[in-house]
Amino acid sequence: YVDVLEIAPNGDIYAGGLMAYRSGDEFLTKTQLNNGIVHDDIRSITFVDASNPNIVYMATDGGINKSTNYGSSWANITGDLAINEFYDFAISESDPEVIIGGTHDNGPLHRESDGFWTYISGGGDGNSCEMSNTDHSIYYFSRSNSLYSSLGGSFNMGGIGYPVAL
């Protein structure tokens, strides 16, 4: 998909969506620009100096990135701002500090009572989440049309199947 188009001061066309591209010949050819971008899903591309098209800014679901070389490489300039979009979450009834949450593009995250978040499994959308009412080490989450279970802390990363009724 393409969510954003921007024309650089030198006339190059930049397109962003799941990936980012630059073209100097109206997209007869293109160069992919995601080298060094911390997160895909490009939401905005902008140029702040009309006399210097080398400097490009790109906003993604994971923050703001800056390039000083036409988008050939990128530096994340978001700083210490933590960014995540949660689709769903579940909180332990026995310990309300324990949380599991499904995030957009970053998979499911799990928070223990010490407040530290860990990734449960890599990438993709972490969607629906549920936690056992009696044992917060048992929880379930969906990702990529599959349902997963912690099984007491040892993950079965094979999908249970789709659709699933619990």
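Positions are given from 1 along the sequence.
Residue pairs meeting the ring pair (Phe, Tyr, Trp, His ring centres under 6.0 Å) criterion with at least one member in residues 80-105, sequence neighbours excluded, are Phe86-Trp117, Tyr87-His104.
The minimum heavy-atom distance linking Ile42 with Thr60 is given by the pair CD1-CG2, 4.1 Å. The nearest pair of heavy atoms linking Arg22 to Gly71 is NH1-N, 4.1 Å. In terms of heavy atoms, Asp41 sits closest to Asp61 at OD2-OD2, 3.1 Å. The two residues Ala90 and Met131 make their nearest non-hydrogen contact at O-CE, 3.6 Å. Closest heavy-atom contact between Phe47 and Glu6: CE1-CG, 3.6 Å. Heavy-atom minimum distance, Asp135 versus Ser137: OD1-OG, 2.6 Å.
When atom types are taken as modelled, the side chain of Ser67 and the backbone of Ile55 share no donor-acceptor pair closer than 3.5 angstrom. Side-chain N or O atoms of Thr78 include one that pairs as donor or acceptor with a backbone N or O of Ile64 at under 3.5 Å. Under the 3.5 Å distance criterion, the side-chain polar atoms of Asp88 are matched with a main-chain donor or acceptor of Cys129.
Note that CD of Glu112 is 11.0 Å distant from CD of Glu97, once rounded to the nearest 0.5 Å. Rounded to the nearest 0.5 Å, atoms OG (Ser51) and CG (Asn10) are 12.0 Å apart. Here Ile13 contributes atom CD1 and Lys30 contributes atom NZ; the two are 13.0 Å apart, rounded to the nearest 0.5 Å. Taking CD1 of Ile138 as the reference point, atom CD1 of Ile100 lies at 12.0 Å (rounded to 0.5 Å).
Other residues, nucleotides and ligands contribute at most 12 non-hydrogen atoms within 6.0 Å of the CD atom of Glu26.
Side-chain polar atoms of Asn54 and Asn52 form a donor-acceptor pair below 3.5 angstrom.
Side-chain contact between Leu33 and Trp74 is present, with at least one heavy-atom pair separated by less than 4.5 Å. Between Phe141 and Asn127, the closest side-chain pair of non-hydrogen atoms is not below 4.5 Å.
In summary, of the residues considered (His136, Glu93, Arg111), a side-chain contact (heavy atoms from CB on, under 4.5 Å) with Val98 occurs for His136 alone. Partner Tyr14 forms a side-chain contact (heavy atoms from CB on, under 4.5 Å) with one of Leu5, Val4, Val56 and no other, that one being Val56.
Residues forming a ring-ring contact (aromatic ring centres under 6.0 Å, His included) with Tyr57 (at least two apart in sequence, or on another chain): none. With sequence neighbours left out, the ring-ring contact (aromatic ring centres under 6.0 Å, His included) criterion links Phe27 to no other residue.
Ile77 and Ile45 end up in different hydrophobic clusters when Ile, Leu, Val, Met, Phe, Trp and Tyr side chains are linked at under 4.5 Å.
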| said: Could you go through Thr31 and Tyr70, starting from their C-alpha distance and side-chain angles, then the distance that decides it, and tell me whether this counts as side-chain contact (heavy atoms from CB on, under 4.5 Å)? | reply: CA-CA 11 Å; Thr31 302; Tyr70 291 102; over 6 Å; no

